[in-house]
Amino acid sequence: MKMIAKKPESLTGAKYHYCPGCSHGIIHRLVAEAMDELNIREQTIGICPVGCSVLAYDYFNCDMLEAAHGRAPAIATAIKRLLPDRYLFTYQGDGDLASIGMGEIVHASLRGEKITTIFVNNTLYGMTGGQMAPTTLLGQVTTTSPYGRKVEWEGYPAKMCELLSCNEGAAYICRTAVNSPANIIKTKKAIKKAFQIQGQGLGFTLVEVLSTCPTNWGLSPADSLKWMEEHMIPYYPLGEFKVKGE
Amino acid sequence: MARGIVTFSSDRCKACGLCILFCPKQIMGFDKTSINILGYHPVGLIKPEDCNGCGICAMMCPDLVIEVGRE
Amino acid sequence: MQRVLMKGNEAIAEGAIRAGCRGFFGYPITPSSEIAEYMARKMPTIGGVFVQAESELAAINMVYGGAATGARVMTASSGPGISLKQEGISFLAEGELPCLIVDICRGGPGLGGIQPSQADYFQATRGGGHGDYYIIVLAPSSAQEMMDLTMLGFELADKHRTPVMLMAEGTLGNLIEPVLVRDEVTEFVDKPWAITGCLGRQPNIVNTLHMPVEQLQTRNQHLTEKYQAIRSQEIRSEEFLTEDADLILVAYGIMARIAKKAVMNARSLGIKTGLIRPITLWPYPYGVVNKIAQTCKAMVSIEISTTGQMIEDIKLATAGKVPIHYIGEIARTPNPEEITQQLLVIAAKEGLI
Ligand SMILES: Cc1ncc(C[n+]2csc(CCOP(=O)(O)OP(=O)(O)O)c2C)c(N)n1
Ligand code: SF4
Ligand code: SF4
Ligand code: SF4
């Protein structure tokens, strides 16, 4: 019998604490599958954020470090500089990366740090109970934008791929989604490509993955995927924003 | 036609239903006769013989419940 | 060993390199910047890493990452920068990651000023960031000690798996003095916990999150025991003419050198004066101060700070046994004669002359 789908070796198999239908689990698996396919598990060091995925150190079957909120790119910078032949990835939510960690991610990309960032955009702060994030869509209701996000009050949602792809140090910037099997396949390809470009030493790499938070969106897992397709993808267009050399 | 063998780690299932939604053969469903350790009715195959082994259910599953093999 | 003229800040940087430090992560701030500048010149020539970070927050988190690989790494800053680093220092303490943090103090609060100051004592000796922790704090008083205590700092950091702070005044950082350059350290402890990629072993994890109550309690109990071990092994202080002294000065860093001269002056005027110089500010030499409080008649804390900070530790150590006086102001190092004048007033008040 040929195995079509099974737990990747780069995951420990520990049960996730995520809510039913939360895309974090899918994205973990895709990162791990990419590591397996490139056979880099034992050379990889992962850094997890503060956010719902803070416990990712229990899930990835490689050396893992848990960062202070937003600081993963700074931590990864030092590790990569000291151990240049290892693969480094940071796994960060949108509050972690685009709000409190905006400085760290912008500068890691400006410096062209040879790391891979998996940026999970679910438009809000999942862990703390659904507050507004820099990525919250206009009109979107969260616990701290109870009247819907308004430009006059909260400004515009952060388009991180667009922003970071301006930086010379960025070698690969891509946005994907996990709302369908086709997009999941594309997401894995992008993550794999990011690791490969990291391995070639071309510069900073980031894959933004549009993700769901059924719990704080107040939607069923199925409706969450639909909401992502109808609301997020139009504002956050998918595709490669930068591929160094291409 | 290829035949799929689907196995479930039912204790991990959170009954999110994403596998059911995306199964092209529409042969998956909640097993209302059992409740797993997490308190959910886990997913099972209603017509295992129709499974084509495409692996889409495992791809959509966030919780590593499903393994798919093909004969 | 070679004796060369060195600035205090350079002695720190050179000492760090000789101690095997191969990662420096910093952000410029007066009066600490020479350390970063020295490292920027040297690190690339010895296979080390120098990164000028985008902020002190980033710098200390780079230290967190660097230390996690098992390498000897450091950062250097001053008051406002140290405040920003407190987030990372708390994480380093909980993650038990050895590293050296240098604070070349300046006056505060706020932006303060760049003149001499010892007003970072509270944040250095009370953990500084959030949570239940301490870090070892070393206070050099000469360019030689800038080098020696830097090297000791790395050793203690590795031995106890803890961040260590070296705290000195800007004056000391800029003071040029002869320094005996120490030999390179060649032996290092094993760090099987380091994050290096799990080739041939089970994955390692560095984390600071402990959600279950018992887990957090066990963790903090472990740290508490570690701090107790540090207290029993690492307290360092110097005594000068304390045996027969009625009046004891307590001062650290550059202030202790000036106070020493004042002790001689006061003795020549007939006041039996002595000096205690804490070298570790945490753990504080409570035992020494307490012992001497049993035989002296009064103590004086001399600090470059207007409110007085170390004086609280002297009070804790002496538990009301003797009266405690204070001499100090911010942004200015008093000269020995000025101190002597004030000691005469104190001595008169205490009936010592
Ligand atoms: C310095 C600091 N500020 C605030 C918090 C509280 N906090 C924890 S997680 C989080 C937001 C996480 O949101 P996001 O990064 O979007 O990840 P998600 O939980 O949605 O996956 C916040 C604000 C913290 N832990 N540390
Ligand atoms: S709160 Fe949202 S992001 Fe967090 S685990 Fe639940 S669904 Fe996922
Ligand atoms: S492998 Fe394909 S056909 Fe079989 S159950 Fe899964 S999704 Fe349905
Ligand atoms: S996708 Fe996974 S967790 Fe969700 S219902 Fe199916 S098997 Fe259960």
Side-chain angles (χ1 to χ4, degrees), chain A residues 9-12 17 35 40-51 53-88 90 100-111 113 115 127, chain C residues 22-25 27 43-44 47-75 84-92 94-95 97 99 129-130 193-211:
Chain A
E9 204 198 340
S10 296
L11 289 178
T12 60
H17 67 287
M35 282 163 62
I40 57 170
R41 181 181 74 85
E42 292 177 318
Q43 286 82 255
T44 299
I45 297 167
I47 301 170
C48 42
V50 174
S53 48
V54 63
L55 292 173
Y57 53 76
D58 280 337
Y59 306 143
F60 285 104
N61 191 18
C62 61
D63 272 13
M64 291 293 294
L65 210 135
E66 171 249 319
H69 200 15
R71 316 286 175 231
I75 294 171
T77 294
I79 299 179
K80 184 73 182 196
R81 297 283 187 111
L82 285 158
L83 303 171
D85 61 345
R86 308 304 199 278
Y87 286 82
L88 263 292
T90 71
I100 196 166
M102 185 62 118
E104 284 74 12
I105 196 67
V106 168
H107 284 276
S109 66
L110 280 168
R111 288 190 303 262
E113 297 299 342
I115 61 173
M127 189 194 211
Chain C
R22 288 299 177 270
F24 183 95
F25 308 94
Y27 187 86
M43 279 299 181
V49 170
F50 170 87
V51 180
Q52 178 167 325
E54 58 271 33
S55 69
E56 287 86 352
L57 280 171
I60 195 70
N61 280 284
M62 289 177 187
V63 168
Y64 182 83
T69 68
R72 284 191 165 179
V73 298
M74 70 179 290
T75 186
L84 281 181
K85 286 184 201 291
Q86 293 300 349
E87 171 194 77
I89 298 173
S90 167
F91 277 71
L92 284 158
E94 175 58 48
L97 298 179
C99 62
H130 59 285
W193 46 264
I195 301 290
T196 54
C198 65
L199 189 62
R201 59 161 168 77
Q202 287 300 306
N204 283 340
I205 295 173
V206 167
N207 78 314
T208 66
L209 178 74
H210 309 288
M211 288 293 258

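As the structure is a computational prediction, the values presented were derived from the model and not from experiment. Note on naming: letters A, B, ... go to the chains in the order of the sequence lines (proteins, then strands), and numbering restarts at 1 for each one.
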Part of [X] within contact of chain C (heavy atom distance under 4.5 Å):
X	result
A:L83	side chain
A:R111	side chain
A:A72	neither
A:L82	both
A:T44	backbone

Legend entry - Atom group of C:S90 that falls short of 4.5 Å from chain A, counting heavy atoms: neither

Inset, instruction - Measure distances from C:F24 to the heavy atoms of chain A and classify the residue's part below 4.5 Å as side chain, backbone, both or neither. - result: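 Interface part for C:F24: neither.
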
Legend entry - Top contributor to chain C interface from A:I47, A:I40, A:V50, A:N61 [non-hydrogen pairs under 4.5 Å]: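 Most pairs with chain C among the choices: A:N61.
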
Restricting to non-hydrogen atoms, name the atom on [X] and the atom on [Y] that form the minimum distance, rounded to 0.1 Å.
X	Y	answer
A:C62	C:C198	CA-SG, 4.1 Å
C:L199	A:E42	CD1-OE1, 3.1 Å
A:E104	C:A58	OE2-N, 4.0 Å
C:M62	A:T77	CE-CG2, 4.0 Å

Donor-acceptor pairs under 3.5 angstrom involving side-chain atoms of residues 63-71 of chain C: please list them, not counting sequence neighbours.
residue, atom, partner, partner atom, Å
C:Y64, OH, A:E66, O, 2.8
C:T69, OG1, C:G66, O, 2.6
C:T69, OG1, C:A71, N, 3.3

Side-chain touch [X]/[Y], heavy atoms, less than 4.5 angstrom:
X	Y	value
C:I205	A:D58	yes
C:L209	A:Y57	yes
C:I60	A:R71	no

Legend entry - Partner set under side chain to side chain donor-acceptor pair (under 3.5 Å) for A:R81, not counting sequence neighbours: A:E113

Legend entry - Euclidean distance, A:L110 CG relative to C:E54 CD, rounded to 0.5 Å: 9.0 Å

Legend entry - Inter-residue atom distance C:F91.CZ - A:L65.CG, 0.5 Å rounding: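 If we round to the nearest 0.5 Å, C:F91:CZ and A:L65:CG are 11.0 Å apart.
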
Inset, instruction - Name the member of C:I195, C:T208, C:V49 that forms the most heavy-atom pairs with chain A at distances under 4.5 Å. - result: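 Counting heavy-atom pairs under 4.5 Å, the top option is C:I195.
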
Inset, instruction - Could you tell me whether a side-chain N or O of C:N61 sits under 3.5 Å from a main-chain N or O of A:I75, the two making a donor and an acceptor? - result: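 Judged by distance alone, no pair lies under 3.5 Å.
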
Legend entry - Audit row: A:D63, C:R201, side-chain contact (heavy atoms from CB on, under 4.5 Å) steps and yes/no: CA-CA 10 Å; A:D63 272 13; C:R201 59 161 168 77; 2.7 Å; yes

